[in-house]
Amino acid sequence: TVVQDIVFQVGRTGVVTPVAHLRPVSVAGSTVSRATLHNEDEIKRRDVRIGDTVILQKAGDVIPDIVSVVKEMRARDTKPFAWPKRVPTCGGDGSIERVPGESASRCVDRNSFSIQKRKLYHFVGKHAFDIEGLGPKIIDLLLAHKLIASFDDIFTLKRGDLLELPRFAETSVDNLLLSVEKARATTLPRFLTGLSIPQVGEETARLLAENFQFSIFNFQKATREDLEKIKGVGPVVAQAIAEWLEDKGNRKVLNSLLKQIELEKPPIIDR
C-alpha cells in the first residue's frame with residue numbers, strides 16, 4: 001500500500017509517536033489505514049517517505065508495522081521525511097524534545113490538553129480505576145463542559161451537573177455516579193497504574209506497592225536510591241519515578257486524589 005501522510009499522536013506521558021496514514025488495504029483479514037512508525041530512528045532506518053509503497057506486517061497488535069519500503073516504486077521527486085521541531089497537539093508552542101538516552105521524543109509542555117485528556121482516558125480504564133460507563137466519549141463531554149480537569153474532579157461530579165449534559169437521562173446519570181462511587185475504593189497497584197507515572201505500567205506498579213508495604217505514604221517518600229534497590233526497577237525507571245515524585249504539580253494531584261479515594265489493604269496471606 002501507499003503512505004499518504006505521516007502524522008503525530010501524543011500519548012499520556014507526552015511521548016509523540018509518528019503514524020503513517022495509508023491507502024486502505026486488507027491485512028490479515030481486516031482493512032487497515034494506519035501503521036505505527038515508532039520513532040525518529042525507525043523512520044530514518046527504514047527511510048520511509050510520504051508517497052512510498054510499503055509492505056506491512058500485523059504482529060498481534062491492532063495497528064500494523066511497516067516492514068520495508070519498495071524503493072523501486074519510489075517517485076524521483078520524493079524527499080526524506082523531515083522530523084518536526086513542533087507538534088501542534090503538544091500545547092504551548094508545540095515544541096518537542098528527544099528523551100535523554102532513548103529513541104523517543106516528547107512534548108516539552110507536559111501539561112497540554114491533549115496529554116491530560118489521554119491521562120484521564122487511562123485513569124478510568126480497566127487496568128486502573130476501571131470506572132464502568134466512563135469511556136473516552138464521556139470524558140470528552142465532561143471536559144468540553146468544564147466539569148472535570150483532573151483526576152479528583154471525577155469523584156466530585158454531582159447529579160445536577162450530569163443531568164444538564166446532552167444525551168444524559170436520569171438512569172444513565174445514576175449508573176455513572178454508582179460506578180464512580182464503587183471506584184473510590186481501589187488497590188495501591190491500580191492507583192499507581194492510574195497516575196500515568198512515566199515508565200510505570202501494571203507490573204511496575206505492583207512491584208512498587210509490594211516494596212513499599214502497600215503504603216502510598218511510603219511510596220511518596222521514596223528517593224531514587226530507594227527505587228533503584230527494588231529488583232526489577234532499573235536506573236532509568238527509578239529516575240523517571242523520582243522526578244515525577246519531586247514535581248510540585250504531581251504532588252498536588254496526588255494529594256487531591258487521596259482525599260477522594262480509599263486505598264484497600266491487601267489481604268493477609270499465610271505463609
Side-chain angles (χ1 to χ4, degrees), residues 1-122 125 135-137 139-140 143-144 196 198-201 234 236-237 239-240:
T1 186
V2 175
V3 177
Q4 297 179 323
D5 198 4
I6 294 173
V7 300
F8 287 82
Q9 287 183 346
V10 178
R12 61 192 168 86
T13 59
V15 170
V16 294
T17 306
V19 176
H21 282 207
L22 312 165
R23 183 187 294 158
V25 63
S26 181
V27 179
S30 60
T31 301
V32 298
S33 57
R34 303 274 191 280
T36 182
L37 287 163
H38 302 287
N39 52 54
E40 183 180 8
D41 294 350
E42 182 76 0
I43 290 179
K44 282 181 179 169
R45 191 166 68 82
R46 299 205 183 278
D47 187 22
V48 180
R49 305 180 184 188
I50 294 169
D52 275 349
T53 299
V54 293
I55 294 169
L56 303 177
Q57 169 184 284
K58 211 168 185 185
D61 295 326
V62 175
I63 185 166
D65 283 312
I66 289 175
V67 179
S68 60
V69 175
V70 185
K71 291 185 179 170
E72 307 84 72
M73 297 180 72
R74 176 180 283 166
R76 284 187 181 178
D77 59 351
T78 307
K79 293 176 182 173
F81 181 75
W83 191 256
K85 288 188 170 64
R86 290 179 171 79
V87 172
T89 47
C90 271
D93 66 355
S95 295
I96 64 173
E97 63 185 1
R98 184 91 172 209
V99 179
E102 294 183 36
S103 301
S105 295
R106 67 186 173 199
C107 302
V108 173
D109 174 8
R110 301 230 257 295
N111 294 310
S112 75
F113 180 74
S114 176
I115 294 170
Q116 188 58 20
K117 187 165 70 169
R118 287 187 176 276
K119 283 182 181 178
L120 286 162
Y121 292 171
H122 174 75
K137 285 182 180 175
I139 291 286
D140 287 351
L143 285 166
S196 284
Q199 306 282 350
V200 177
V236 172
V237 177
Q239 184 175 343

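Note: hydrogens, waters and symmetry copies are ignored here, and every other heavy atom, side chains too, is used.
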Donor-acceptor contacts, no H, no angles, side chain residues 101-109, under 3.5 Å, sequence neighbours left out:
| residue | atom | partner | partner atom | Å |
| --- | --- | --- | --- | --- |
| E102 | OE2 | Q199 | NE2 | 3.4 |
| S103 | OG | D41 | OD2 | 3.2 |
| R106 | NE | E97 | OE2 | 3.0 |
| R106 | NH2 | E97 | OE2 | 3.4 |
| D109 | OD1 | N111 | N | 3.0 |
| D109 | OD2 | G92 | N | 3.3 |

From S33 atom OG to H21 atom NE2, the distance as rounded to the nearest 0.5 Å: 7.5 Å
T13 OG1 to I115 CD1 distance, which is reported to the nearest 0.5 Å: 8.0 Å
Does F81 have any ring-ring contact (aromatic ring centres under 6.0 Å, His included) partners at least two apart in sequence or in another chain, and if so, which? none
With distance as the sole test, does T31 use its side chain to make a donor-acceptor pair with the main-chain N or O of P24 at under 3.5 Å? no
Yes or no on side chain to side chain contact (heavy atoms under 4.5 Å, CB included) for T17 and N39, after CA distance, side-chain angles and deciding distance? CA-CA 6 Å; T17 306; N39 52 54; over 6 Å; no
Test L22 against V54 for side chain to side chain contact (heavy atoms under 4.5 Å, CB included), laying out the working first. CA-CA 9 Å; L22 312 165; V54 293; 4.3 Å; yes
Any side-chain donor near an acceptor of the partner, S196 and R12, under 3.5 Å: yes
Do W83 and I6 come within less than 4.5 Å of each other through their side chains, counting heavy atoms only? no
For the residue pair P84 and I96, what are the closest heavy atoms and their distance? O-CD1, 3.4 Å
Would D52 and R46 pass as an ion pair if we require N to O under 4.0 Å? no
Is D47 salt-bridged to R49, cutoff N-O under 4.0 Å? yes
Starting at CG of L37, measure out to CZ of F8 and round the result to the nearest 0.5 Å. 8.5 Å
Taking atom CZ of R118 and atom OG1 of T89, what is their separation to the nearest 0.5 Å? 8.5 Å
Could you grab the distance from atom CD1 of I43 to atom NE2 of H38, nearest 0.5 Å is fine? 10.5 Å
Do R74 and V69 have side chains that approach each other closer than 4.5 Å (heavy atoms only, starting at C-beta)? yes
Measure the shortest side-chain to side-chain distance between V32 and L56 over non-hydrogen atoms and say whether it is less than 4.5 angstrom. yes
Rounded to the nearest 0.5 Å, the OG1 atom of T78 sits from the CE atom of M73 at a distance of 12.0 Å
Any donor-acceptor pair under 3.5 Å from S112 side chain to C90 backbone: yes
Identify the heavy atoms of Q57 and V67 that sit nearest to each other, and give their distance. CB-CG2, 3.1 Å
Can you tell if the side chain of V3 reaches within under 4.5 Å of the side chain of V48, non-hydrogen atoms only? yes
Determine whether L143 and K117 satisfy the following criterion, side chain to side chain contact (heavy atoms under 4.5 Å, CB included), listing intermediate values before the conclusion. CA-CA 8 Å; L143 285 166; K117 187 165 70 169; 3.8 Å; yes
Is atom NZ of K44 surrounded by more than 12 heavy atoms (other residues, nucleotides or ligands) closer than 6.0 Å? no
